[in-house]
Amino acid sequence: MLSRRGFLRQSFAFSALAGLGSLPSFAKGPIQKPNASAKQLLMVGDWGYEDFTAQTRVATAMQHYVREHSLTTDALLMLGDNWYGSLPGGVASERWKTQFEDMYPKSTFDCPAYAIPGNHDYQRMPESKVEAELEYARKGGTRWTMPSLWYRFDFPASNPLMTVIALDSNVPHPEGPQAKGVNFTLTPERHAEQLVWLEAELTKPRTTPFLIVMGHHPVFSNGPHGDHKLLIQDWEPLLRKHKVHLYLAGHDHDMQHLEFDEHPTSFVLSGGGGADLYTLKIKEAQRGPYAEKVYGFSHLEVTPEKLTLRHLDETGRLIHTFDKMPDGRVQIA
Ligand SMILES: [Fe+2]
Ligand SMILES: [Zn+2]
């Protein structure tokens with residue numbers, strides 16, 4: 001563990017670097033078509049919006065995309081803000097059918113859907129939506145997978161290529177209160193407990209070529225929510241120390257891919273799943289390589305040699321892609 005002073009020095013050096021505005025340079029690579037023999041995950045963030053017009057467009061594009069490229073989806077990642085508004089009846093709400101089961105149908109996505117909680121899932125309206133999500137997973141018989149608020153899984157289950165650490169990023173507000181109206185957070189004790197668990201998981205000997213961490217709130221974001229002070233303090237040094245390949249997030253309603261000089265982690269944001277879009281605060285020319293106000297979803301393709309991340313828009317058009325090698329090298333098409 002770093003001393004408090006060392007920790008602050010490191011954080012300061014890093015944020016000074018991050019503020020410079022110079023983009024790291026990358027190797028350029030060709031645009032490659034999806035490789036149907038690789039393992040495939042599709043991910044979507046900020047999707048369970050009350051008006052599901054845009055959600056339907058994105059979900060339809062996901063289905064077309066999978067069919068067009070003859071892909072077998074091995075997992076879905078539901079990046080949080082799974083439910084906006086109320087979820088009447090909890091696990092019995094008809095929204096589960098209309099906005100999850102039928103929206104991302106099993107006939108196309110016959111695989112587990114790994115979910116993490118967003119800030120909207122932590123609202124009590126008046127029932128707890130996140131409790132309903134845990135219960136929906138516990139009752140079984142569906143693809144919804146959320147064994148606890150934070151958990152780890154290997155992907156794919158046999159001969160895994162990635163270790164995925166799914167986190168609850170609903171960390172306490174800096175000012176302290178754990179409830180503001182209907183909005184709740186983890187308690188400081190639970191946040192500390194998760195941090196101990198995260199460090200223990202990251203310290204275990206690596207058994208897969210790739211290590212992925214996902215949390216609803218981005219550590220760094222060019223969107224209106226911006227960079228997250230507490231996650232930069234508590235999680236970012238661990239991502240760096242343990243050479244995490246990707247940090248996947250949602251929360252800002254746009255699509256991003258951020259890289260920082262000397263940082264082993266690629267920061268991916270996929271928040272275009274259906275909720276109203278946000279206007280970016282920082283342009284990709286200042287901090288990138290990619291940030292766009294657009295609806296969409298993301299595709300992560302995995303082989304032992306590389307990860308390929310693709311951002312697709314609501315028509316299934318490729319809007320950004322990069323490869324990441326086990327040694328951390330990034331190649332942008
Ligand atoms: Fe959201
Ligand atoms: Zn959010």
When you compare the side chains of N82 and E133, does any donor N or O come within less than 3.5 Å of an acceptor on the partner?
yes
What's the shortest heavy-atom distance between D313 and F297, and which atoms?
O-CE2, 3.8 Å
Give me the atom names and distance for the closest heavy-atom approach of P117 to Y122.
CB-CE1, 3.9 Å
Identify the two heavy atoms, one from A61 and one from G316, that lie closest to each other, and give their separation to 0.1 Å.
CB-N, 3.7 Å
Establish, yes or no, whether a centroid distance under 6.0 Å links the rings of F260 and F220.
yes
So do the side chains of E101 and K106 get within less than 4.5 Å of each other, counting heavy atoms only?
no
Distance from D110 atom CG to D74 atom CG, nearest 0.5 Å?
10.5 Å
Taking the ring centre of each residue, are W47 and Y104 less than 6.0 Å apart?
yes
Looking only at the side chains, is there a donor atom on one of D276 and Y49 sitting less than 3.5 Å from an acceptor on the other?
yes
Within a strict 4.5 Å, meaning less than it, do heavy atoms of the R152 and D154 side chains meet?
yes
Taking the basic N atoms (NZ, or NE/NH1/NH2) and the acidic carboxylate oxygens, is any pair closer than 4.0 Å for D102 and K97?
yes
Any carboxylate oxygen within less than 4.0 angstrom of a Lys/Arg side-chain nitrogen, looking at K39 and E301?
no
Between the side chains of Q256 and S221, does any donor sit under 3.5 Å from an acceptor?
yes
Centre-to-centre under 6.0 Å for Y290 and F322, is that the case here?
no
Would you call the rings of W96 and Y136 parallel, tilted or perpendicular, where under 30° means parallel and over 60° means perpendicular?
parallel
Rounded to the nearest 0.5 angstrom, the CG-CH2 distance for L202 and W197 is 8.5 Å
Could you go through E259 and H257, starting from their C-alpha distance and side-chain angles, then the distance that decides it, and tell me whether this counts as side chain to side chain donor-acceptor pair (under 3.5 Å)?
CA-CA 7 Å; E259 295 283 344; H257 163 212; 2.7 Å; yes
Review item, side-chain donor-acceptor pairs of residues 181-188, under 3.5 Å, at least two apart:
{"from": "N183", "atom 1": "OD1", "to": "Q123", "atom 2": "NE2", "distance (Å)": "3.1"}
{"from": "T187", "atom 1": "OG1", "to": "R190", "atom 2": "N", "distance (Å)": "3.1"}

Taking all atoms of both residues into account, what is the closest heavy-atom pair of P224 and D252, and its distance?
CD-OD1, 3.4 Å
Atom CG of D327: over 12 foreign heavy atoms under 6.0 Å
yes
Set out, in order, the CA-CA distance, both residues' side-chain angles and the distance that settles side chain to side chain donor-acceptor pair (under 3.5 Å) for H191 and D234, then state yes or no.
CA-CA 10 Å; H191 170 58; D234 287 353; 2.7 Å; yes
Would you confirm whether T203, through its side chain, and E199, through its main-chain N or O, come within 3.5 Å as a donor-acceptor pair?
yes
Please report the interatomic distance CE(M78) to CE(M146), rounded to the nearest 0.5 Å.
11.0 Å
Could you label the plane-to-plane angle of the H311 and H320 rings as parallel, tilted or perpendicular, counting under 30° as parallel and over 60° as perpendicular?
tilted
Considering only distance and modelled atom types, tabulate donor-acceptor pairs under 3.5 Å from the side chains of residues 208-217, sequence neighbours left out.
{"from": "T208", "atom 1": "OG1", "to": "T163", "atom 2": "N", "distance (Å)": "3.2"}
{"from": "T208", "atom 1": "OG1", "to": "T163", "atom 2": "OG1", "distance (Å)": "2.7"}
{"from": "T208", "atom 1": "OG1", "to": "F210", "atom 2": "O", "distance (Å)": "3.0"}
{"from": "H216", "atom 1": "ND1", "to": "L79", "atom 2": "O", "distance (Å)": "2.9"}
{"from": "H216", "atom 1": "NE2", "to": "D81", "atom 2": "OD1", "distance (Å)": "3.4"}
{"from": "H216", "atom 1": "NE2", "to": "D81", "atom 2": "OD2", "distance (Å)": "3.2"}
{"from": "H216", "atom 1": "NE2", "to": "N119", "atom 2": "OD1", "distance (Å)": "3.1"}
{"from": "H216", "atom 1": "NE2", "to": "H251", "atom 2": "ND1", "distance (Å)": "3.1"}
{"from": "H217", "atom 1": "ND1", "to": "S169", "atom 2": "O", "distance (Å)": "3.3"}
{"from": "H217", "atom 1": "ND1", "to": "S169", "atom 2": "OG", "distance (Å)": "2.5"}

First locate atom CZ of R310, then atom CG of L42, and finally report the distance between them rounded to the nearest 0.5 Å.
11.0 Å
Identify the heavy atoms of P326 and P304 that sit nearest to each other, and give their distance.
CG-O, 3.6 Å
Check the orientation of F267 and H263. Use parallel for under 30°, tilted for 30 to 60°, and perpendicular for over 60°.
perpendicular
Do E236 and H228 pair up side chain to side chain, a donor and an acceptor below 3.5 Å, judged on atom types alone?
no
Please determine whether a side-chain nitrogen of the Lys or Arg among D323 and K306 lies less than 4.0 Å from a carboxylate oxygen of the Asp or Glu.
yes
Just wondering, are more than 12 heavy atoms of other shown residues or ligands nearer than 6.0 Å to NZ in K229?
no
Verdict with reasoning, E175 to K180, per salt bridge (Lys or Arg N to Asp or Glu O under 4.0 Å):
CA-CA 11 Å; E175 331 77 86; K180 285 182 182 172; 2.9 Å; yes
Flag side-chain contact, heavy atom, 4.5 Å: L76 against Y114
no
L312 and H299, any side-chain heavy atoms less than 4.5 Å apart:
yes
What distance do H173 atom NE2 and L230 atom CG have between them, rounded to the nearest 0.5 Å?
11.5 Å
